[in-house]
Every structure is written in C-alpha cells, then in structure tokens.
Amino acid sequence: MEVEDSIFQVPKHHFAANEVFSITFTLPPPGGTSVEGSSEGNPFELVGILKKDFQAFLSVIYPLQVPFDYADITVEQWRSVLELSHMWDFQSLRDLSIQKLGAPGSLESITKIQLGEKYHISEWFVTGCVDLVTRDKGPRANEVNQLGTEMAVQLSDLREERIIAQLRRYSFNPATRIRKAFENVLGPE
C-alpha cells in the first residue's frame, strides 16, 4: 500500500475481510494491467491519507507483540485510528479507539463535542456539552472559535437556562436539554 510516497508492505487479510476494501480488491483491473497492490511497482494507493495516521492504524491492527496492551499508543494516534476506522468501516477498531479515547481525562470537553459530532458518538457530544453548560464560566473566545458561533450561543443559552432553573429551584437535566437542543446533530432519540 502506498501512503504519501511511502510503500507499506502489510498482510491483506484484515483489509480483505473489510467490506470497503474487499470490494476494491475484487474489482478486475483494466485490460492488460496488473492488479493494483500486487507488487511494489503497482501499489494500492491510499489517496488523501496521512502517513502518520496510517502508521497509527497499522500499529493497532498489526501489533508487534501479543498480547498487546496499547499503553504506548498516544491520544493523537488513537484519534488517527478513530478517523481511519470510521472512514473505512472497521467497526471493532472504531469501538476500541472510542473505548481508549473515552478514558477519563483523555479528551477535553471541546474535543469531545467536535469528535462526537464528526464521528457520530452521541455520548461524547452530550458529555462535552454538559461539561460546558454546567461549569462556572461560559465558553471562552478560543472555544467559541473551535465550536462555531451558533453552537457556542446555543450552549450559552442552555447554561443560562440552567442558572435560572437553579435560582428558581426548577428541575433542569442538562443531558436531556442538550439532546433536545441538538437533535439536528444527534438525531432523534
């Protein structure tokens, strides 16, 4: 496989077992040409994939020691694994990366919101939003820039709603309100 002008010689079994790649691998080559990925001279090219992301993905899918505890995989590498496993529909690797990144303290609230929205992980999205809605201070300028004005305003409105509910001694469930306010992002329950 070729990524950013680097050739990776990897066993095809994990890729061939994956629906996204298995279809590609079984397509017949154009007349008179060899099958893409059949040699170093004709590698299977992964366009738009970063080498560092692919290396992280390979380190999880093909560990060098068994059993492998993943202790040396960084948060940044797990994010790469999440991105590629989501893109290529490697569900077990996606689940593993979600588990590892979901460990307490691994991700900041803003990152949870962003990754939760991008990769359809509603638990992260809601948890990140709850953190922002229930903390003492509203979104900071850098957070507004990361979230976008519309989302930051919605979260500020929910934070204000929570404060008013506390002052008036009304019940306010932040997770429920967030799910309702961001139904367009999360989908219906």
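- Between Val3 and Leu50 there is no side-chain heavy-atom pair separated by less than 4.5 Å.
- Residues Lys52 and Glu76 form a side-chain contact, since some pair of their non-hydrogen atoms from C-beta on lies under 4.5 Å apart.
- Residues Val81 and Ala56 approach most closely at CG2-O, 3.6 Å, considering heavy atoms.
- Residue Glu108 places its CD atom among 12 or fewer non-hydrogen atoms of other residues, nucleotides or ligands, all under 6.0 Å distant.
- Here the shortest heavy-atom pairing between Val75 and Ser106 reads CG1-O, 3.9 Å.
- The two residues Arg140 and Arg135 come nearest to each other via the heavy atoms N-NH2, 3.9 Å.
- Put simply, the side chain of Glu117 reaches to within 4.5 Å of the side chain of Met151, judged on heavy atoms.
- In Gln91, the CD atom is crowded: over 12 heavy atoms of neighbouring residues, nucleotides or ligands sit closer than 6.0 Å.
- Ring-plane geometry between Phe54 and Phe15 is classed as tilted, the angle between the planes lying from 30 to 60 degrees on a 0 to 90 degree scale.
- A donor atom on one side chain and an acceptor atom on the other are not found under 3.5 Å apart for Gln99 and Asp95.
- Here the closest heavy-atom approach between residue Lys112 and residue Asp131 is recorded as NZ-OD2, 3.9 Å.
- Leu155 places none of its side-chain heavy atoms less than 4.5 Å from the side chain of Arg159.
- Judged purely by distance below 3.5 Å, without hydrogens or angles, the side chains of Ser6 and Lys51 pair a donor atom with an acceptor atom.
- Summarising the local packing, CG of Asn184 is surrounded by more than 12 heavy atoms from other residues, nucleotides or ligands at distances under 6.0 Å.
- Within 6.0 Å of CG in Asn142 there are more than 12 heavy atoms belonging to other residues, nucleotides or ligands.
- The number of heavy atoms from other shown groups lying within 6.0 Å of CD (Gln9) does not exceed 12.
- Under the 4.5 Å side-chain criterion, counting only non-hydrogen atoms from C-beta, Ile61 is not in contact with Val10.
- Under the 3.5 Å distance criterion, the side-chain polar atoms of Ser156 are matched with a main-chain donor or acceptor of Ala152.
- By the 4.5 Å heavy-atom criterion applied to side chains, Arg79 and Thr111 are counted as neighbours.
- The aromatic ring centres of Phe57 and Trp88 sit less than 6.0 Å apart.
- The shortest non-hydrogen separation linking Leu46 to Met1 is CD1-SD, 4.1 Å.
- Put simply, the side chain of Asn18 gets close to the backbone of Asp89: a donor and an acceptor are under 3.5 Å apart.
- No donor-acceptor distance shorter than 3.5 angstrom exists from the side chain of Arg94 to the backbone of Ser97, with no hydrogens or angles considered.
- Between atom OH of residue Tyr119 and atom CD1 of residue Ile98 there is a gap of 10.5 Å, rounded to the nearest 0.5 Å.
- How far CD of Glu83 is from CG of Asp53: 5.5 Å, rounded to the nearest 0.5 Å.
- Under the 4.5 Å side-chain criterion, counting only non-hydrogen atoms from C-beta, Gln55 is in contact with Phe8.
- Note: Leu101 CG to Leu96 CG = 9.5 Å, rounded to the nearest 0.5 Å.
- A 4.5 Å side-chain heavy-atom check between Phe172 and Ile163 finds every atom pair outside the cut-off.
- Side-chain atoms of Arg177 do not come within 3.5 Å of backbone N or O of Leu158 as any donor-acceptor pair.
- For CD of Glu160, the number of neighbouring non-hydrogen atoms (other residues, nucleotides, ligands) closer than 6.0 Å is 12 at most.
- One finds the CZ atom of Arg162 at 4.5 Å from the CD atom of Gln166 (value rounded to the nearest 0.5 Å).
- To the nearest 0.5 Å, atoms CD1 (Ile164) and CZ (Arg169) are separated by 15.5 Å.
- Annotation: the span from Leu93 atom CG to His86 atom NE2 amounts to 14.0 Å, rounded to 0.5 Å.
- Side-chain atoms of Glu143 never come within 3.5 Å of backbone atoms of Ile110 as a donor-acceptor pair (strictly under, hydrogens ignored).
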Q.
Between Tyr70 and Val60, does the side-chain contact (heavy atoms from CB on, under 4.5 Å) criterion hold? Intermediate values first, please.
A. CA-CA 8 Å; Tyr70 306 108; Val60 173; 3.9 Å; yes
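- Shown are Leu186, Val185, Ile178; of these, the side-chain contact (heavy atoms from CB on, under 4.5 Å) with Cys129 is made only by Ile178.
- At distances below 3.5 Å, at least one donor-acceptor pair connects side-chain atoms of Tyr62 with backbone N or O atoms of Pro11.
- A salt bridge does not link Lys180 with Glu161: none of the charged nitrogens is closer than 4.0 Å to a carboxylate oxygen.
- Residue Met87 comes nearest to Ile49 through the heavy atom pair SD-CD1, 3.7 Å, listed as atom of the first residue, atom of the second, then distance.
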